[in-house]
Novice: 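Handing you this structure, nothing more for now.
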Amino acid sequence: MGAVLGDVLGFAAAVAISPLPIIALILVLATPRGSLNGVLFTLGWVLGLSALGAVMLAVASPTGASTHDHPATWVGALKLALGLLLVLFGARQWHRRPKDPSQAQLPKWMGAIDSLAPAKLFGLGLALAALNAKNAPLTIAAAATIGSAGLPVGQQIAALAILVVIATLGLLVPLGVFLLGGEKAKATLGSWKDWAAQHNVAVMAVLFFVLGLKLLGDGIGILTS
């Protein structure tokens, strides 16, 4: 199980430091019921990651993701496809990054966050985790790695839980600062939001390019062994 966790830590960390969900959470915390809304947003995120990972494990188990402790061919093909997708996405993001970081603009939907009901903020957290074109491939790849390791079901669930916890650290840190930081929290989170907004595209481009290359290597290794 240790080897599996070593493989998935990179994917979990990439999800955790994804700037866009962190910016969204900081905006959620600035709403009138910031504490409640922030917790609901984070719970939605956790549920989204857990559901996506669980579906992947459920698919992998009966379809033979592992044969004789070696990943099945379809797992290699999946990682190859996801790796290619991430490399292309990273290259596209890098090409579209603003030359002047101060000119970076946030997505228009973020302007409506302060008008969303708590239930919709919960759904937003879920969507950013499970349906986001950036995070979903990473979570699927990590879950496929867990499912192809030939681990018992209990260890697969434990590995998925660790993946979700690590991938949620990027939200738990600003949430903790807001709940425990007192008056200084708003200024701290504001500076984090500004930095993340300016460097979101460049950070994600590098992350996806590097992890995409790793997935390409993993996929090729599985298919050729």
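Computation of the quantities below employed the complete heavy-atom set of this structure, encompassing side-chain atoms and omitting hydrogens, waters and symmetry-equivalent molecules. By convention here, the first residue in the shown sequence is residue 1.
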Novice: How long is the gap from CZ on Arg33 to CG on Leu40, to the nearest 0.5 Å?
Specialist: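 Rounded to the nearest 0.5 Å, the CZ-CG separation comes out at 9.0 Å.
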
Novice: How far apart are the closest heavy atoms of Gly48 and Ala130, and which atoms are they?
Specialist: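 Closest approach of Gly48 to Ala130, heavy atoms only: O-CB, 3.5 Å.
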
Novice: Counting C-beta onward and ignoring hydrogens, is there a side-chain heavy-atom pair between Val173 and Ile22 closer than 4.5 Å?
Specialist: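 No, too far: nothing below the 4.5 Å cut-off.
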
Novice: With Leu138 as reference, evaluate Asn132, Val15, Leu163, Val8 under the side chain to side chain contact (heavy atoms under 4.5 Å, CB included) test and give the passing residue.
Specialist: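 Testing Leu138 for a side chain to side chain contact (heavy atoms under 4.5 Å, CB included) against Asn132, Val15, Leu163, Val8 leaves exactly one candidate, Val15.
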
Novice: About how many Å separate OG of Ser18 and CD1 of Ile23, when rounded to the nearest 0.5 Å?
Specialist: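 Between Ile23 CD1 and Ser18 OG, I get 9.0 Å after rounding to 0.5 Å.
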
Novice: Identify all side-chain donor-acceptor contacts of residues 206-221 below 3.5 Å with residues at least two apart in sequence or on another chain.
Specialist:
residue, atom, partner, partner atom, Å
Lys214, NZ, Asp218, OD2, 2.8

Novice: Tell me the closest heavy-atom pair linking Ile166 and Ala12, and the distance in Å.
Specialist: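 Closest approach of Ile166 to Ala12: CG2-CB, 3.7 Å.
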
Novice: Just by modelled atom types, is the Leu151 backbone N or O under 3.5 Å from a matching donor or acceptor in the Gln156 side chain?
Specialist: yes

Novice: Looking at every non-hydrogen atom in both residues, tell me the closest pair between Leu121 and Phe41 and how far apart they are.
Specialist: O-CD1, 3.5 Å

Novice: Working to the nearest 0.5 angstrom, can you tell me the gap between Leu126 CG and Leu43 CG?
Specialist: 10.5 Å

Novice: Of all heavy-atom pairs between Met110 and Ala24, which one has the smallest distance, and what is that distance?
Specialist: CE-N, 3.9 Å

Novice: State plainly whether one hydrophobic cluster holds both Leu88 and Leu85, where clusters connect Ile, Leu, Val, Met, Phe, Trp and Tyr through side-chain heavy atoms under 4.5 angstrom apart.
Specialist: no

Novice: Test side chain to side chain contact (heavy atoms under 4.5 Å, CB included) on Trp109 and Leu116; report intermediate values, then the result.
Specialist: CA-CA 11 Å; Trp109 58 263; Leu116 295 179; over 6 Å; no

Novice: Could you walk me through whether Ile26 and Trp192 satisfy the side chain to side chain contact (heavy atoms under 4.5 Å, CB included) test, starting with their C-alpha distance in whole Å, then the side-chain angles of each, then the deciding distance to 0.1 Å, before giving a yes or no?
Specialist: CA-CA 9 Å; Ile26 293 174; Trp192 290 2; 4.2 Å; yes

Novice: For the residue pair Asn37 and Thr31, confirm or rule out a side-chain donor-acceptor distance under 3.5 Å.
Specialist: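 Looking only at side-chain atoms, Thr31 and Asn37 do form a donor-acceptor pair, the distance falling under 3.5 Å.
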
Novice: Should Leu179 and Leu189 be counted in the same cluster of Ile, Leu, Val, Met, Phe, Trp and Tyr side chains packed under 4.5 Å apart?
Specialist: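 Yes.
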
Novice: Evaluate the side chain to side chain contact (heavy atoms under 4.5 Å, CB included) criterion for residues Thr168 and Leu172: first the C-alpha distance (whole Å), next the side-chain angles of each, then the deciding distance (0.1 Å), finally the verdict.
Specialist: CA-CA 6 Å; Thr168 308; Leu172 291 178; 3.8 Å; yes

Novice: Verify the cluster assignment for Leu82 and Leu9: are they in a single hydrophobic cluster under the rule of side-chain heavy atoms below 4.5 Å apart?
Specialist: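 Yes, it is one cluster - the side chains of Leu82 and Leu9 are joined through contacts under 4.5 Å.
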
Novice: Write down the atom of Thr139, the atom of Leu49, and the distance for their closest heavy-atom approach.
Specialist: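 Between these two residues, the closest heavy atoms are OG1-CD2, 3.5 Å.
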
Novice: So, for Gly38 and Leu29, which heavy atoms are closest and what is the spacing to 0.1 Å?
Specialist: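 Gly38 and Leu29 have their closest heavy atoms at CA-CD2, 3.8 Å.
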
Novice: Could you check Trp45 against Leu25 for side chain to side chain contact (heavy atoms under 4.5 Å, CB included), going step by step and ending with a plain yes or no?
Specialist: CA-CA 10 Å; Trp45 170 273; Leu25 175 61; over 6 Å; no

Novice: Starting from Val165, can I reach Ile157 by hopping between I/L/V/M/F/W/Y residues whose side chains sit under 4.5 Å apart?
Specialist: no

Novice: Are Leu20 and Ile17 connected in a single hydrophobic cluster, I mean Ile/Leu/Val/Met/Phe/Trp/Tyr linked by side-chain heavy atoms less than 4.5 Å apart?
Specialist: yes

Novice: What is the distance from atom CG of Leu86 to atom NZ of Lys79, rounded to the nearest 0.5 Å?
Specialist: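 Output value for this atom pair is 12.5 Å.
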
Novice: Any donor and acceptor pair, going by atom type alone, linking the side chain of Asp114 with main-chain N or O of Leu27 inside 3.5 Å?
Specialist: no

Novice: How many angstroms lie between CZ in Phe122 and OG1 in Thr42, if you round to the nearest 0.5 Å?
Specialist: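 Taking CZ in Phe122 and OG1 in Thr42, the distance rounds to 10.5 Å.
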
